[in-house]
**Student:** 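Below is the structure I would like to discuss, written out as structure tokens.
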Amino acid sequence: MQLKIHNTFSGKKELFVPRDPNRITLYACGPTVYNYIHIGNGRPAVVFDVLFRLLKAGFPNVAYARNITDIDDKINAAVPDSNDKNAAIRELSDYYSEAYTKDVSALGTLTPTFVPRATDHIEEIIALIKTLIERGHAYAAEGHVLFDVPSYADYGQLSNRSLQDMLDGARVEVAPYKKDPKDFVLWKPSDDKTPGWDSPWGKGRPGWHIECSAMIHKHLGPSIDIHGGGSDLIFPHHENELAQGRCAFSDEPFANYWMHNGMLTLGNEKMSKSVGNIETIRDLLKDFRGETLRYALLTGKYRSPLSWSRELVAQAKSSLDRLYQSIMQVGDTTGSATSLAYSEVNIKDLPPAVVKALSDDLNTPLALAAMHEIAGDINKSDDPKRKAELKTQLLASGWLLGLLTYTPATWFQGEDKREIDETDIQALIAERNQARSDKNWQKADEVRDHLLAMNIELEDTASGTRWKTI
RNA sequence: GGCUGGGUGGCAGAGAGGAUAUGCAGCGGACUGCAACUCCGUGUACACCGGUUCGAAUCCGGUCUCAGCCUCCA
């Protein structure tokens, strides 16, 4: 597979050369769990899920880790003071951790190979901090341990900024125990109301950044192929992860390729909790299927900002309808019914246009266009054998993008929005068809309008009358 | 101020020196009892100003403008 990846580190599109073709390693930053995630948080989950699927189709073994950060001061702050605040914090992070998994699963993401949680890796984190101190890249001060930024000459390489740039207009926190204003916290002291673990530096908890370095090391190794996340993580999160990884583990690149997805905007501004312009996946799922949301997320290239709107989702729904319509046209009797049957598909059995698009730095809009070409060919062909072949291609492509997971019947006749049950629909259709054979058009139209008022649309085909929920 | 990446038809969004992107919506036609689905047809689209070139939306320079990061953020 000739996969090209835009590498944030070099700022260029590069040919992907695995460290070991027999074990591809991919890490994507997951959420800090203290509330429901919004659709912008879902983007990296979906984008790196597509990458995971593509890699799986091209390589025998792909190890994909997507972490959950369940120790953070924002989580602590989200819980009111109480007798057992620690237990309450744990409960909260457990709850939102499950909510996260549920939400991204609704977006059709596969379960990653590893879903490590920060609090399950305190030992590794402490060991990592020890190593950094031993190697002269970190120091303890007043119960804290700090990373010594000036000790790492390459600091700033990933985010392409010089130390001087960072100081200009800097809003870095200047604490008395810091040797340098840019030094960042690896470990900080905890009081009784804050979760903490015993450590050589007293009871405390890890800072942000260090948990990712530790989990990557444990599950994937000292160096990995691809590290991904949102573009807002480039600095400082990934820069710091990189510094920790390089200083602790090896002189090899911490990650060979860094990939960053662009932000979703809502109303000309980045969707973010602090601005308040968010749409949670929970809320969106009340009106749309997860697959529709996923399609909407994939209509833009992952690196570009994507302006989110209900209209975008509505367009995604119509576009998916077209794909499902063409599959339905072939009929359920021929071949597999959904893309789920193609989970073991190999790159060589997929439509070249789709593979080519995705291999070019995950060009999902182009891949979707290729799928629509296939759908159009299905509709235009009158050779049943050819249609069946094309349907196979379409569904296999669907697997790669995580779409077309429904049977057409379920897609169009799903129960989520229906206000009438199926037997009644069938009875009304029979009534209307009787009226039609009597050439009682007025009656026939009345029945059709009646159904339409209940969001049921009819299609008279050569093989009978079909209905769908709109 | 520094660093990124953008500005494409009503909307979304690819492409990237000479090509029909694709989808949604609209319009005309075929099919249909009428529709729906589907098919066929349909858009002087590439922010602006210069330059390079036989030829530029695509390259170069400048202008305007938008978003992101520089602080927690996906």
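So that the names make sense, note that chain A is the first sequence line, chain B the second, and so on, each numbered from 1.
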**Student:** Choose from B/rU22, B/rG33, B/rA74 the nucleotide whose nearest atom is closest to any side-chain atom of A/Asp232.
**Tutor:**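 Among B/rU22, B/rG33, B/rA74, the one nearest the side chain of A/Asp232 is B/rA74.
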
**Student:** Once you apply a heavy-atom cut-off of 4.0 Å, does A/Lys317 come out as touching a base, just sugar-phosphate, or nothing?
**Tutor:**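 No contact at all - A/Lys317 keeps every heavy atom at 4.0 Å or more from the nucleic acid.
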
**Student:** Looking at every strand, decide which applies to A/Met371 at a 4.0 Å heavy-atom threshold: base, sugar-phosphate, or nothing.
**Tutor:**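 Here A/Met371 touches no strand at all.
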
**Student:** Among B/rC11, B/rG33, B/rU22, which is the nearest nucleotide to the side chain of A/Arg436?
**Tutor:**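 The nucleotide sitting nearest to the side chain is B/rG33.
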
**Student:** Examine distances only and state if a side-chain atom of A/Asn440 and a backbone atom of A/Lys443 form a donor-acceptor pair shorter than 3.5 Å.
**Tutor:**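 The answer is yes, because a donor-acceptor pair under 3.5 Å joins these two groups.
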
**Student:** Could you tell me whether A/Asn379 contacts a base, only the sugar-phosphate backbone, or nothing, with contacts defined as non-hydrogen atoms closer than 4.0 Å?
**Tutor:**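 Touches sugar-phosphate only.
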
**Student:** The side chain of A/Glu457 lies closest to which of these nucleotides: B/rA12, B/rC70, B/rA36?
**Tutor:**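 Closest nucleotide among those given: B/rA36.
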
**Student:** Partner lookup for B/rU53, please. Criteria are Watson-Crick or G-U wobble with both distances under 3.5 angstrom; report none if nothing qualifies.
**Tutor:**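 WC or wobble partner does not exist here.
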
**Student:** For atom C1', what is the distance between B/rU52 and B/rU42, given to the nearest Å?
**Tutor:**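 The answer is 36 Å between these two C1' atoms.
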
**Student:** Rounded to whole angstroms, how far apart are CE on A/Met263 and C1' on B/rC72?
**Tutor:**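 Value for this atom pair: 13 Å.
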
**Student:** Suppose we call a contact any N or O donor and acceptor under 3.5 Å apart; does that hold for the side chain of A/Arg322 and the base of B/rC24?
**Tutor:**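 No, no donor-acceptor pair under 3.5 Å.
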
**Student:** Taking the minimum atom-to-atom distance to the side chain of A/Thr265, which one of B/rC70, B/rA67, B/rG33 wins?
**Tutor:**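 The answer is B/rA67.
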
**Student:** Rounded to the nearest angstrom, tell me the gap between atom CG in A/Asp449 and atom P in B/rC34.
**Tutor:**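 To the nearest whole Å, that distance equals 16 Å.
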
**Student:** Need one value for A/Asp72: base, sugar-phosphate or nothing, where a base atom within 4.0 Å counts as base even if backbone is also close, heavy atoms only.
**Tutor:**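 No contact.
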
**Student:** Does A/Asn256 offer a backbone N or O that forms a donor-acceptor pair with the side chain of A/Asn7 under 3.5 Å?
**Tutor:**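 Confirmed, A/Asn7 side chain pairs with A/Asn256 backbone.
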
**Student:** Take atom NZ of A/Lys468 and atom C1' of B/rA35, then tell me their distance rounded to the nearest Å.
**Tutor:**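 So the two atoms are 12 Å apart, to the nearest Å.
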
**Student:** Would you indicate what A/Asn268 reaches in the nucleic acid, counting non-hydrogen atoms under 4.0 angstrom: base, sugar-phosphate, or nothing?
**Tutor:**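 It contacts sugar-phosphate atoms only.
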
**Student:** Measure the spacing between CD1 of A/Ile278 and CG of A/Asp283 and express it to the nearest 0.5 Å.
**Tutor:**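 Nearest 0.5 Å value for the CD1-CG distance: 8.5 Å.
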
**Student:** Rounded to whole angstrom, note down the C1' distance from B/rA74 over to B/rG68.
**Tutor:**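 Here B/rA74 and B/rG68 have their C1' atoms 12 Å from each other.
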
**Student:** Consider the side chain of A/Gln325, meaning its heavy atoms from C-beta on, and name the nucleotide among B/rC69, B/rC37, B/rA74 that approaches it most closely.
**Tutor:**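 So the side chain of A/Gln325 is nearest to B/rC37.
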
**Student:** Over how many whole Å does the gap from A/Leu233 atom CG to B/rC3 atom P extend?
**Tutor:**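 In whole Å, B/rC3 P lies 22 Å from A/Leu233 CG.
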
**Student:** What's A/Lys439 touching, base or sugar-phosphate or nothing? Going by heavy atoms closer than 4.0 Å.
**Tutor:**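 Result for A/Lys439 = nothing.
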
**Student:** Under 6.0 Å from the NZ atom of A/Lys273, do we count more than 12 heavy atoms belonging to anything else shown?
**Tutor:**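 Yes.
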
**Student:** Counting heavy atoms from C-beta on, name the nucleotide in B/rC72, B/rA35, B/rC69 closest to the side chain of A/Arg161.
**Tutor:**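 Shortest atom-to-atom distance from the side chain points to B/rC69.
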
**Student:** Does A/Ile234 reach a base, just sugar-phosphate, or nothing at all? Heavy atoms under 4.0 Å.
**Tutor:**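 Result for A/Ile234 = nothing.
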
**Student:** Closest approach to the side chain of A/Ser319, judged atom by atom: which nucleotide of B/rC24, B/rA12, B/rG33 is it?
**Tutor:**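 Within the option list, the nearest is B/rC24.
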
**Student:** Any side-chain heavy atom of A/His209 within less than 4.5 Å of one from A/Gln244?
**Tutor:**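 Contact flag for A/His209/A/Gln244 side chains = yes.
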
**Student:** Give A/His237 one of three labels, base, sugar-phosphate or nothing, depending on what nucleic acid heavy atoms sit under 4.0 Å from its own.
**Tutor:**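 Answer is nothing: A/His237 stays at 4.0 Å or more from every strand.
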
**Student:** Assign A/Glu459 to base, sugar-phosphate, or nothing according to its heavy-atom contacts below 4.0 angstrom with the strands shown.
**Tutor:**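 Base contact.
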
**Student:** What does B/rG9 pair with, Watson-Crick or G-U, if both distances are under 3.5 Å?
**Tutor:**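 WC or wobble partner does not exist here.
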
**Student:** Heavy atoms under 4.0 Å, any strand shown: does A/Arg432 hit a base, just sugar-phosphate, or nothing?
**Tutor:**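 Contact class for A/Arg432: base.
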
**Student:** For B/rG5, take OP1 and OP2 only and decide whether either is under 4.0 Å from a side-chain N or O of A/Lys301.
**Tutor:**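 For B/rG5, OP1/OP2 do not have a side-chain N/O of A/Lys301 under 4.0 Å.
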
**Student:** Indicate yes or no for a side-chain donor-acceptor contact from A/Gln413 to the backbone of A/Trp467 under 3.5 Å, with no hydrogens or angles considered.
**Tutor:**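 Side chain of A/Gln413 to backbone of A/Trp467: a pair is present.
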
**Student:** Sort out the partner of B/rU42 for me: Watson-Crick or G-U wobble, both distances under 3.5 Å, none otherwise.
**Tutor:**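 Because both required distances fall under 3.5 Å, B/rU42 counts as paired with B/rG26.
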
**Student:** Looking for any heavy atom pair under 4.0 Å, which part of the strands does A/Asn160 touch: base, sugar-phosphate only, or nothing?
**Tutor:**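 Sugar-phosphate, no base atom in range.
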
**Student:** Could you give the distance separating B/rA19 and B/rC40 at their P atoms, to the nearest angstrom?
**Tutor:**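 That atom pair is separated by 22 Å.
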
**Student:** Go nucleotide by nucleotide along RNA chain B from the 5' end; which of A/Ala370 and A/Thr461 gets its closest nucleotide reached first?
**Tutor:**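 Checking each residue's closest nucleotide, the 5'-ward one belongs to A/Ala370.
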
**Student:** For the residue pair A/Gly11 and A/His6, what are the closest heavy atoms and their distance?
**Tutor:**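 Shortest heavy-atom separation between A/Gly11 and A/His6 comes out as O-CE1, 3.3 Å.
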
**Student:** Do the side chain of A/Glu239 and the main chain of A/Gly156 share a donor and acceptor less than 3.5 angstrom apart?
**Tutor:**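 Present.
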
**Student:** To the nearest Å, how far apart are A/Tyr155 OH and B/rC70 P?
**Tutor:**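 It is 12 Å, rounded to the nearest whole Å.
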
**Student:** Who does B/rG1 pair with, Watson-Crick or G-U, both distances under 3.5 Å?
**Tutor:**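 Pairing partner, where one exists within any strand: B/rC70.
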
**Student:** Would you say the side chain of A/Arg53 lies within less than 4.5 Å of the side chain of A/Leu358, judging by non-hydrogen atoms?
**Tutor:**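 A side-chain contact under 4.5 Å is absent here.
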
**Student:** Given that both distances must come in under 3.5 Å, which nucleotide forms a Watson-Crick or G-U wobble pair with B/rA19?
**Tutor:**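 Across all strands, not a single nucleotide pairs with B/rA19.
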
**Student:** Which value, in whole Å, describes the distance between the C1' atoms of nucleotides B/rC64 and B/rG29?
**Tutor:**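 About 45 Å, rounded to a whole number of Å.
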
**Student:** A/Pro365 has a side chain; which of B/rG33, B/rC72, B/rA14 sits nearest to it?
**Tutor:**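 For the A/Pro365 side chain, the nearest candidate turns out to be B/rA14.
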
**Student:** If I take atom CG in residue A/Asn277 and atom C1' in nucleotide B/rA67, what distance separates them, rounded to the nearest angstrom?
**Tutor:**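 A/Asn277 atom CG is separated from B/rA67 atom C1' by 13 Å.
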
**Student:** Remember a base hit wins even if backbone is also touched, and classify A/Gly42 as base, sugar-phosphate or nothing at under 4.0 Å, heavy atoms.
**Tutor:**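 If one applies the 4.0 Å heavy-atom cut-off, A/Gly42 turns out to touch nothing in the nucleic acid.
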
**Student:** Within this structure, what is the CG-to-P distance between A/Leu451 and B/rA36, rounded to whole angstrom?
**Tutor:**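 Interatomic distance, CG of A/Leu451 to P of B/rA36: 16 Å.
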
**Student:** Look at the side chain of A/Arg43 and the base of B/rA74, then say whether one donor and one acceptor between them are separated by less than 3.5 Å.
**Tutor:**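 Counting by modelled atom types and ignoring angles, no donor-acceptor contact under 3.5 Å is found here.
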
**Student:** Quick one: is B/rG33 close enough that its OP1 or OP2 comes under 4.0 Å of any side-chain N or O from A/Asn440?
**Tutor:**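 No.
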
**Student:** Have a look at A/Ile37 and say if it touches a base, only the backbone sugar-phosphate, or nothing, with a 4.0 Å heavy-atom cut-off.
**Tutor:**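 Here A/Ile37 touches no strand at all.
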
**Student:** Please report the distance, rounded to the nearest Å, between CG in A/Asn240 and C1' in B/rU71.
**Tutor:**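 Atom CG in A/Asn240 sits about 13 Å away from atom C1' in B/rU71.
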
**Student:** Taking any heavy-atom pair under 4.0 Å as a contact, classify A/Lys270: base, sugar-phosphate, or nothing.
**Tutor:**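 Base contact.
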
**Student:** What's the closest nucleotide to the A/Phe235 side chain, out of B/rC70, B/rU4, B/rG13?
**Tutor:**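 For A/Phe235, the side-chain atoms sit closest to B/rC70.
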
**Student:** Base of B/rC11, side chain of A/Gln315 - is there a donor-acceptor contact under 3.5 Å?
**Tutor:**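 Yes.
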
